[in-house]
Amino acid sequence: MRRNERLSDELSACKRLSRRGEVSDESFFAELKGKGIDITETQKSAIRHPSGALALFAGPGSGKTTVITLRAAYLVRVLNEDPNSISIFTFTKKSADELTRRLQQIHPTLKSVQTGTFHALYLKWLLREAKERRELLTGYAQRGVVRSILQSLREPFHDDQVTAILQAITVLKNQMVEPVNAKDHLDTRDVPASTATVYQQYESYKKENNVWDFDDILMVMNERLHSQPSFYTSCTDSIRHIMVDEFQDTSRIQWNSLLKLASKTVSFMVVGDDDQSIYAFRGAEPGLMKTFVHARPHVRELVLSENFRSLDPIIRTASRLIQMNEDRKPKLMRGVRGTGERVRVLRAKNAMEEGRVIATAIAKIHARDPLRTVGILARSHHHLYLVSEQLRTQGIALVEDLGKNLYTESVVASYLALFRVSCGDFRVREEAFRFYLKLLEPRVAREQAGLLGGRAALYQHMAGTPTTLAFDAFVKNMAVQTPLDAVRLLTKHYEAYTVRLEHARRTPSQEARQALQLLEDRVAGLPDLKTFILEVDRFSQKDEQGLSKAQVRVMTFHGAKGLEFDDVILAGVYDGAVPHARALTGERKARRVLLEEERRLFYVALTRARDRLFVVYPASTANADREPSPFLFDAGLLSRKDENRKSIHTKDREKQVRVKSDRQIVTRHDKRSTVVRKAAFHTPIPVTADQLPKRGEPIHHEVFGEGVVLSIDPFPNGHKVAIQFKESDVRHLFWEVALSEGHVRKP
Ligand SMILES: Nc1ncnc2c1ncn2[C@@H]1O[C@H](COP(=O)(O)OP(=O)(O)OP(=O)(O)O)[C@@H](O)[C@H]1O
């Protein structure tokens, strides 16, 4: 159909639908032009789309979200549709807030358009229509349930595995896999073998206790829509237009419920970009973009091929990177804003210097124009702790979307308590003493377990005993050490403590270890603990005034999705962090899938910049040398000549990786630190048959004392041994770890 014919068809269809709004079609677009927004013909087509299904697939910065907001405005202002009858789905709260902000900027009446994440909108409708009121099982409580199920299964486990199991359950529920079928869909290389059983018991627990988790909101909504006609009618009666932003992140269950909801609406529009799909770990299925086009009769497909956001060097960099992905739909992107400064890669000596490099870059940006918006993005929120602190210390007002900082991480808070006491601040002596007991005096800690868990003043209770005297000497000695030595000393004890925990079937998560590595970076070079404490206090007391005026925002790559900034600084872009080390382990196929997802994530980060883009990487963190991310080579930002070394394009890197064992890959750059720790925590030395215990044999354990072996069972990479200890319950030990760490012996 020729364009003019199509346009006149669209207009007449709109007129048929229209109850005549406050502005005409011509003045709507003329008003936008007056504001400097010259809507393209394809964008207009999508905005005017009268009824039926429409798919708008295009690259970053092409105006997909703009079309969604303007379409909502057009429906209300030109076609006189009720704003309440328009529902817009997004995938993060931040994108929903951004949409609401953009809508309100266009016109105040658009405040009533229903925007939100699937979870938020569905929960609202469930509360309204079905009067469903359930407590939500989240965060800590959710982990507690999984932990106690694992304990009841007598499974040794790590806290990280609790995270992996919960993530797997989310994916299964989003893929609509029932617990009975879960086994066939799980890869036991990624999750413990008991995950399917845990899933089953976890679901039963929620049912018995009448609670939901977040994924249940999607499940219940989908089930009600399909099985309760009255619920379905009451929901769909009030919705005439559905739009979905970032459709590439839709999961099977979201798709199922959407299809049902949209079967009665006047229009159903989805916008997305397969290159920006970054939520596989939550069950996203970018393949649904293809399904959409075939699922509905007469789906109209539109493609936008202009990038309105970024200057050419940024677009070129991002395109070079994403072209390395094999599993994608090729797209043509043309920048309309012209050329600009080249993307700059900055190398910092270490993590602390990285913060200073970024602060200098921001100061330069704001010296030219204080109103420029700056986004500082990193792969993990941990990495942003030190950067944020440096920026605040240098007086830069910023909005953090992290919600916490290094000193609120519980293990770091305990270290700080000990440091404070060693500097003469006895207000936190109780906290410090309890931590000290856990770390250095496990036997005393066990004896005092009742008091240790309660609120009693334990130090006072034990004052004058050899234990408190040893504690006093320990903190006194700490005061004369450099902060780095003090941190390392505590970490040595902390590692022994985690091994003991492992025997009790628990270990602290990787998060704690990451925090401790950061702490080492933070204190390196500081002369004494007093200086460190002063700096921490100064940072914590920094007043938050003026943050509303802050033009600098700090967030993760994931959190930046859908947003844009005048200038973007990507922090911590070193190999192992970007791509995440996890993407370089495991089976080749799984590795490729993960690596492509990591590349898409970095692509999302690069494409948030309008004018200038800086990429920063520290040459050393946590006492280990770091190399720049291989993605910087993929994107053409670094070349072999720059680094004077062999190519580390990710494709070549994959080849290297194939010939190495998983452990070597993860720890390639961490030879001095992580290898040692990983080996200690996860890689037991194989034992010979005569080193294995026998049933009925007596055993001595350094923490649990004397015991007798009840059973020996094969376990991945070793053996699980059940031991009845005299002074405690039956304990299950991972024999190879226990033996190689010297925690057990035959008496
Ligand atoms: N026709 C246009 N003329 C000028 N600017 C435009 C036009 N369309 C969109 N823009 C601007 O381009 C920028 C990117 O638009 P938008 O955020 O809608 O893109 P997007 O496709 O949703 O991006 P992403 O997928 O990367 O999040 C915004 O600043 C928007 O105001």
Side-chain angles (χ1 to χ4, degrees), residues 10-29 31-32 39 43-54 56 64-90 95-131 221 224-225 228-245 247 254 257-271 296 300:
E10 272 167 9
L11 286 172
S12 47
C14 284
K15 276 179 191 145
R16 275 200 305 280
L17 192 77
S18 170
R19 295 187 290 267
R20 245 181 342 120
E22 57 166 314
V23 292
S24 68
D25 177 88
E26 296 81 42
S27 27
F28 181 83
F29 289 109
E31 224 177 81
L32 286 174
I39 297 300
Q43 287 180 321
K44 275 185 191 167
S45 258
I47 292 166
R48 284 182 179 131
H49 176 71
S51 59
L54 169 69
L56 185 66
K64 297 184 295 300
T65 311
T66 306
V67 165
I68 284 196
T69 46
L70 291 180
R71 174 166 168 71
Y74 188 90
L75 288 170
V76 174
R77 302 193 63 215
V78 180
L79 302 185
N80 205 20
E81 291 283 83
D82 178 356
N84 267 306
S85 73
I86 303 168
S87 299
I88 308 179
F89 291 88
T90 64
S95 333
D97 293 346
E98 173 69 10
L99 257 172
T100 313
R101 192 189 63 80
R102 287 197 197 187
L103 283 168
Q104 285 187 13
Q105 246 177 15
I106 299 174
H107 204 267
T109 49
L110 299 175
K111 201 169 70 186
S112 322
V113 170
Q114 305 210 36
T115 53
T117 60
F118 278 85
H119 295 88
L121 288 180
Y122 282 1
L123 187 62
K124 192 163 123 190
W125 295 340
L126 282 168
L127 289 174
R128 190 184 63 199
E129 307 299 339
K131 312 275 180 273
M221 184 73 185
R224 298 268 154 89
L225 285 174
Q228 295 184 5
S230 59
F231 176 77
Y232 171 65
T233 314
S234 59
C235 281
T236 47
D237 270 357
S238 57
I239 308 172
R240 286 171 58 81
H241 303 277
I242 287 182
M243 294 184 241
V244 186
D245 201 2
F247 184 67
Q254 288 164 335
S257 50
L258 263 181
L259 260 191
K260 184 73 182 165
L261 272 176
S263 60
K264 264 198 176 176
T265 57
V266 176
S267 76
F268 179 24
M269 174 167 108
V270 305
V271 309
R296 309 247 325 186
R300 198 172 154 204

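FYI, side chains are in, hydrogens and waters are out, and symmetry mates aren't considered; it's all heavy atoms of this structure. Counting begins at 1 with the first residue of the sequence.
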Next on the checklist: What I want to check is whether the side chains of H49 and R71 have a donor and an acceptor closer together than 3.5 Å.
Outcome noted: no

Next on the checklist: Checking H107 against T109: is there a side-chain donor and acceptor pair closer than 3.5 Å?
Outcome noted: yes

Checklist entry - Does E22 use its side chain to pair, donor to acceptor, with the backbone of R77 at less than 3.5 Å? => result no

Next on the checklist: Going by the rule salt bridge (Lys or Arg N to Asp or Glu O under 4.0 Å), which residues pair with D97 if we only count those two or more places apart in sequence or in a different chain?
Outcome noted: K93

Checklist entry - So do T265 and R240 actually touch side chain to side chain, heavy atoms under 4.5 Å? => result no

Checklist outcome for this item: Shortest non-hydrogen pair, L56 vs A46, comes out as CD2-CB, 4.4 Å

Checklist entry - Are Q105 and T69 side-chain neighbours, meaning at least one heavy-atom pair lies under 4.5 Å? => result no

Next on the checklist: Within this structure, what is the CD-CG distance for the pair E98 and L103, rounded to the nearest 0.5 Å?
Outcome noted: 10.0 Å

Item to check | Gap separating the CG atom of L121 from the CE atom of M221, nearest 0.5 angstrom | outcome: 9.0 Å

Item to check | Any L110 side-chain heavy atom under 4.5 Å of V76 side chain | outcome: yes

Item to check | Shortest non-hydrogen separation from V23 to E31 and the atoms involved | outcome: CG1-OE2, 4.2 Å

Checklist entry - How long is the gap from OG1 on T66 to CD on Q43, to the nearest 0.5 Å? => result 6.5 Å

Next on the checklist: If you compare all heavy atoms of V266 against all heavy atoms of P50, which two are closest, and at what distance to 0.1 Å?
Outcome noted: CG1-O, 3.9 Å

Next on the checklist: Using 0.5 Å steps for rounding, measure from the CZ atom of R102 to the CG atom of L70.
Outcome noted: 9.0 Å

Next on the checklist: Testing the 3.5 Å rule here: is there a donor-acceptor pair between the side chains of S263 and Y232?
Outcome noted: yes

Checklist entry - Heavy-atom distance under 4.5 Å between the side chains of L75 and M243, does that happen here? => result yes

Item to check | Heavy-atom check, side chain of R224 versus side chain of C235, under 4.5 Å | outcome: no

Item to check | Y122-T117 side chain donor-acceptor pair, cut-off 3.5 Å | outcome: no

Checklist entry - Does a donor on one side chain sit under 3.5 Å from an acceptor on the other, for S24 and S27? => result yes

Checklist outcome for this item: On a heavy-atom basis, the closest approach of G116 and A96 is CA-CB, 3.9 Å

Item to check | Any side-chain donor near an acceptor of the partner, S267 and S51, under 3.5 Å | outcome: no

Next on the checklist: Looking at every non-hydrogen atom in both residues, tell me the closest pair between K260 and L225 and how far apart they are.
Outcome noted: CE-O, 3.4 Å

Item to check | N/O donor-acceptor pair under 3.5 Å between S85 side chain and E81 backbone | outcome: no

Next on the checklist: I need the D82 CG to S238 OG distance, nearest 0.5 Å.
Outcome noted: 9.5 Å

Next on the checklist: Within this structure, what is the CG-CD1 distance for the pair L261 and I242, rounded to the nearest 0.5 Å?
Outcome noted: 4.5 Å

Item to check | D25 and R48 ion-paired at < 4.0 Å | outcome: yes

Checklist entry - Less than 4.5 Å apart, any side-chain heavy atom of I68 and any of V271? => result yes

Next on the checklist: Under the ring-ring contact (aromatic ring centres under 6.0 Å, His included) test against F118, which residue among W125, F247, F89 passes?
Outcome noted: F89

Checklist entry - For I86 and A72, which heavy atoms make the closest approach, and how far apart are they? => result CD1-O, 3.9 Å

Item to check | side chain to side chain contact (heavy atoms under 4.5 Å, CB included) partner of M269, the single match among L54, D245, I88, I47 | outcome: L54

